Novice: 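Mind having a look at this structure? Questions to follow.
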2 protein chains.
Amino acid sequence: MVNIRQVAKKAGVSVATVSRVLNHPDTVSPRTMEQVLETIKELRYTPNGLARSLALKKTSTIALLIPNILNPLYPQVAKGVEDVAHQKGYNVLLCNTEEKEHKERDYLEMLIEKRVDGLILTSSLLRKVDFDQIKEKQIPFVMIGKNEGNIEANRVFTDYILGGYLATQHLIEIGYTAIAHISGPKSQLASREKLQGYKKALQEANISLDERYIVEGDNEIEGGYLGVKKLLKLPEPPQAIFAANDLMAIGAIDAIKSEGLRIPEDVAIVGFDDIKISSLIEPKLTTISQPVYKMGLIAARLLFDCIENNLEEDDFQQNIFIQPKLMVRKSCGCEERVREIFN
Amino acid sequence: MVNIRQVAKKAGVSVATVSRVLNHPDTVSPRTMEQVLETIKELRYTPNGLARSLALKKTSTIALLIPNILNPLYPQVAKGVEDVAHQKGYNVLLCNTEEKEHKERDYLEMLIEKRVDGLILTSSLLRKVDFDQIKEKQIPFVMIGKNEGNIEANRVFTDYILGGYLATQHLIEIGYTAIAHISGPKSQLASREKLQGYKKALQEANISLDERYIVEGDNEIEGGYLGVKKLLKLPEPPQAIFAANDLMAIGAIDAIKSEGLRIPEDVAIVGFDDIKISSLIEPKLTTISQPVYKMGLIAARLLFDCIENNLEEDDFQQNIFIQPKLMVRKSCGCEERVREIFN
DNA sequence: TTGAAAGCGCTAACAC
DNA sequence: GTGTTAGCGCTTTCAA
């Protein structure tokens, strides 16, 4: 591939001049400018970004680590990040960690070697040592979602305790008392927080906790399906279920239907995430919404703030809190209940 | 950040030796090896991949261009690509082109500058000149899906004409004659091919084509919704609809329900893609399946073949054809019809 | 087995 | 305005 020297030679100028034409057009005479530009076109010269990055110590590349690209939540985050990155002239390296700590760490290593300008970590499983490494290498990073160990970092997150609380409380308000919870993997902080919110709501309403009503899922459709199958086998099956994410809620709905039961008449469901499909399935899913696309945007902007202003990590440490919101639709049986009350 | 020279100095060896330890461990004495490894750890040295890539003319990075990450089809492709890339020790740059030709071209430019080792293009809008550029720069690439102009390339694709044909033919077999089609943007080859398959099936069955039965959508849920609204206003609304993708089919179902009509009794629906959600909505969607995850895998493997064997583009030009498959579920009314026949 | 040194292609400080 | 040149951090050839 043709390089800057060949361009310089053919244009009858120095490499510095060619470089100037590309990077500081205003410092070069119109005449030379034109000449150089022309030979660039003639030779089909494409500057070598590696060399450029090496000299500049800047790659114009950031990385986005997500646990599972097949969960519709994350493409939304990715789009948010990508949108602002592209606008800023950056590329984004996509790393799908599959919720494997070692894979995430693997990636981290590769990314440091590649000298990415910044990192966005979602639902990270990394530990303090890993973050110490990132900080030592002075790589700006932003986290989406909280994680174990309460790492100091710029962070965009929603309060899952509150979310879990809101979901459960809504079911309680409607009038249910036998409320089950299909949680995500307990190994994840997010799952435990949602569970905590669930418990808090029950407690506040003086509903005693039945441990059999809490089943652990995998945050996938299948997990919701299996969870319901388990719950319905109980001597006293629940009247309502709070699923820790929409995917599991969808699986739950599928399972409930397969048992010949109706939603919400026989079993009410509330999900979490408000993925697009949730408002399109039958019955439309009542769920807790978190604006993930926006979270991606915000995280990326935060990251670029760090990158561009060369902020020390400790300077500004922002924790941006995103409020989860209850989206009332059909699956919770809210309407039926209201009708009942007013008739 | 600490560099190879500092490691060499502290370890009391030359930079060449440090480099050897990292890249050709077998050519170095155990003693030196150990020493170097130790100082590497001590100094927390992470090799600079940029410099390495510059010297090696190899970045261990490939790029994946997709039109719309929010369409569940593409995360599947991305996962396929990412899975094999990661296994090969490569990173993947994700580029969301939003079906904008200029954005795709923009990206291409950036990617060439970054000297990616290879490219995977899905549903590309690029033209011959762009591909000429890629070829001239000798960047291996694989295309997923056909595109305008019939570019010579390694390619993994499904026959959309056949897919459209299969979908329509199935509706005809069931007994429908008033069959509408909600197409994707006609500007896209894929949309036109599906339409072509639709027409072919009608023609074969001697059903005359009614142009009012063909409406153009946007491949999004909304497009399907709007399409149905338009179709149902016709003096003789269709009994069945073939939607060019599942997203539009889902929108269509929503619209049909909102009109108080039943599926498939009043209007039958067939989609295209078989995204995961299709088997979970009510009624379960009959659709044409293309194994996109596998297509991603295959495309990536093909790409790495080119990269690793340094194949000339013209050498081996593979066109891998993936068979679309009809998935019969509920939305087409197939069962009802069968029951009718046997009663 | 190891070291010296020439490149990889670019940027920017410095000199003219 | 423009050219010369010293890096940026690595790999690899060649010689020892």
Side-chain angles (χ1 to χ4, degrees), chain A residues 1-37 39-40 43-61 109-117 137-139, chain B residues 1-37 39-40 43-61 109-117 137-139:
Chain A
M1 236 186 264
V2 17
N3 62 27
I4 199 172
R5 212 164 337 142
Q6 300 170 32
V7 175
K9 193 170 170 191
K10 175 138 192 186
V13 298
S14 74
V15 293
T17 300
V18 178
S19 175
R20 282 195 197 98
V21 167
L22 261 17
N23 303 302
H24 311 285
D26 42 315
T27 71
V28 87
S29 87
R31 238 185 79 65
T32 354
M33 178 89 178
E34 196 185 341
Q35 270 172 30
V36 172
L37 247 26
T39 50
I40 284 182
L43 261 36
R44 305 241 174 82
Y45 167 63
T46 312
N48 185 321
L50 293 169
R52 186 163 205 275
S53 294
L54 186 58
L56 251 36
K57 293 175 175 304
K58 172 175 189 337
T59 53
S60 295
T61 302
E109 194 66 29
M110 296 174 81
L111 296 171
I112 296 178
E113 290 194 4
K114 293 237 160 102
R115 299 298 193 261
V116 293
D117 293 335
K137 306 271 187 204
Q138 316 236 47
I139 305 175
Chain B
M1 233 185 266
V2 17
N3 61 27
I4 199 172
R5 210 163 339 141
Q6 301 171 32
V7 175
K9 193 170 171 189
K10 176 140 192 184
V13 297
S14 73
V15 293
T17 300
V18 178
S19 175
R20 284 193 196 97
V21 167
L22 261 17
N23 303 300
H24 312 285
D26 44 314
T27 71
V28 87
S29 87
R31 238 186 78 65
T32 349
M33 179 89 178
E34 195 185 341
Q35 270 173 28
V36 172
L37 247 24
T39 48
I40 283 181
L43 261 34
R44 305 241 175 82
Y45 167 63
T46 313
N48 185 321
L50 293 170
R52 185 162 207 278
S53 294
L54 187 58
L56 252 34
K57 293 176 174 303
K58 173 177 189 335
T59 52
S60 297
T61 301
E109 195 66 28
M110 298 174 79
L111 296 171
I112 296 178
E113 290 193 4
K114 295 235 159 103
R115 299 297 192 258
V116 293
D117 292 335
K137 306 272 187 202
Q138 316 237 48
I139 305 174

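None of these values were measured; they are calculated from a predicted model.
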Novice: Nearest whole Å is fine: how far is D:dT2 C1' from A:Asp26 CG?
Specialist: 15 Å
Novice: Please tabulate, for the side chains in residues 5-13 of chain A, all donor-acceptor contacts under 3.5 angstrom to protein atoms that are two or more places apart in sequence or on a different chain.
Specialist:
from    : atom 1 : to      : atom 2 : distance (Å)
A:Lys10 : NZ     : A:Glu42 : OE1    : 3.1

Novice: Have a look at the helix from C:dT1-D:dA16 to C:dC16-D:dG1 and give the angle its two end axes make, five pairs each, rounded to 10 degrees.
Specialist: 40°
Novice: Take atom CD of A:Glu109 as the centre, draw a 6.0 Å sphere, and report whether it contains more than 12 heavy atoms from other residues, nucleotides or ligands.
Specialist: yes
Novice: What is the separation between atom CG on B:Leu56 and atom P on D:dT11, rounded to the nearest whole Å?
Specialist: 7 Å
Novice: Would you say D:dC10 has OP1 or OP2 under 4.0 Å from some side-chain N or O of B:Asn48?
Specialist: no
Novice: Set out, line by line, the N/O atom pairs under 3.5 Å between protein and nucleotides 3-6 of chain D.
Specialist:
from  : atom 1 : to      : atom 2 : distance (Å)
D:dG3 : OP2    : A:Ser14 : N      : 2.9
D:dG3 : OP2    : A:Ser14 : OG     : 3.1
D:dG3 : OP2    : A:Thr17 : OG1    : 2.5
D:dG3 : N7     : A:Arg20 : NH1    : 3.4
D:dG3 : N7     : A:Arg20 : NH2    : 3.3
D:dG3 : O6     : A:Arg20 : NH2    : 2.3

Novice: Counting only side-chain nitrogens and oxygens, does A:Ser29 get under 4.0 Å of the OP1 or OP2 atom of D:dG1?
Specialist: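 A:Ser29 to D:dG1 OP1/OP2: no side-chain N or O under 4.0 Å.
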Novice: May I have the step-by-step check of side chain to side chain contact (heavy atoms under 4.5 Å, CB included) for A:Met1 and B:Arg115, ending in yes or no?
Specialist: CA-CA 10 Å; A:Met1 236 186 264; B:Arg115 299 297 192 258; 3.5 Å; yes
Novice: Nearest to the B:Ala51 side chain among D:dG9, D:dT11, C:dG9, which nucleotide is it?
Specialist: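 When the side chain of B:Ala51 is considered, D:dG9 is the closest of D:dG9, D:dT11, C:dG9.
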Novice: So which atom in B:Asp117 and which in B:Ser60 form the shortest heavy-atom distance, rounded to 0.1 Å?
Specialist: OD2-N, 2.6 Å
Novice: Side-chain N or O of B:Lys57 less than 4.0 angstrom from OP1 or OP2 on C:dG9?
Specialist: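 So the side chain of B:Lys57 is within the cut-off, an N or O lying under 4.0 Å from OP1 or OP2 of C:dG9.
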Novice: In whole angstroms, how far is the C1' atom of D:dT11 from the CG atom of A:Leu50?
Specialist: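 Rounded to whole Å, this separation is 14 Å.
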Novice: According to salt bridge (Lys or Arg N to Asp or Glu O under 4.0 Å), who are the partners of B:Lys114, at least two apart in sequence or on a separate chain?
Specialist: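 B:Lys114 satisfies salt bridge (Lys or Arg N to Asp or Glu O under 4.0 Å) with no other residue.
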Novice: Is any side-chain nitrogen or oxygen of B:Arg5 closer than 4.0 Å to OP1 or OP2 of D:dC8?
Specialist: yes
Novice: Using a cut-off of less than 4.0 Å, is there contact between a side-chain N or O of B:His24 and OP1 or OP2 of D:dT12?
Specialist: yes
Novice: Among all residues two or more places apart in sequence or in another chain, which pass the salt bridge (Lys or Arg N to Asp or Glu O under 4.0 Å) test with B:Arg44?
Specialist: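 B:Arg44 satisfies salt bridge (Lys or Arg N to Asp or Glu O under 4.0 Å) with A:Glu136 only.
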Novice: With sequence neighbours excluded, tell me which residues meet side-chain contact (heavy atoms from CB on, under 4.5 Å) with B:Val28.
Specialist: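 Testing B:Val28 for side-chain contact (heavy atoms from CB on, under 4.5 Å), a comparison that skips the adjacent residues, returns B:Thr17, B:Val21, B:Thr32, B:Met33.
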Novice: Tell me the interatomic distance from A:Leu54, atom CG, to D:dG7, atom C1', rounded to whole angstroms.
Specialist: 9 Å
Novice: Once you round it to whole Å, what is the distance between P of D:dG9 and CG of B:Asn3?
Specialist: 5 Å
Novice: B:Asn23 has an atom CG; how far is it from atom C1' of D:dC10, in whole Å?
Specialist: 9 Å
Novice: On a heavy-atom basis, which atom in A:Tyr45 and which in A:Asn3 lie closest, and how many Å separate them?
Specialist: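 What the structure gives for the nearest pair is CE1-C, 3.6 Å.
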Novice: To the nearest angstrom, how far is A:Ile4 atom CD1 from D:dC8 atom P?
Specialist: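 It works out to 18 Å between those atoms.
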Novice: Rounded at 0.5 Å granularity, tell me how far CG in A:Leu111 sits from OG1 in B:Thr46.
Specialist: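 It comes to 11.5 Å.
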Novice: If I take atom CZ in residue A:Arg115 and atom P in nucleotide D:dC8, what distance separates them, rounded to the nearest angstrom?
Specialist: 13 Å
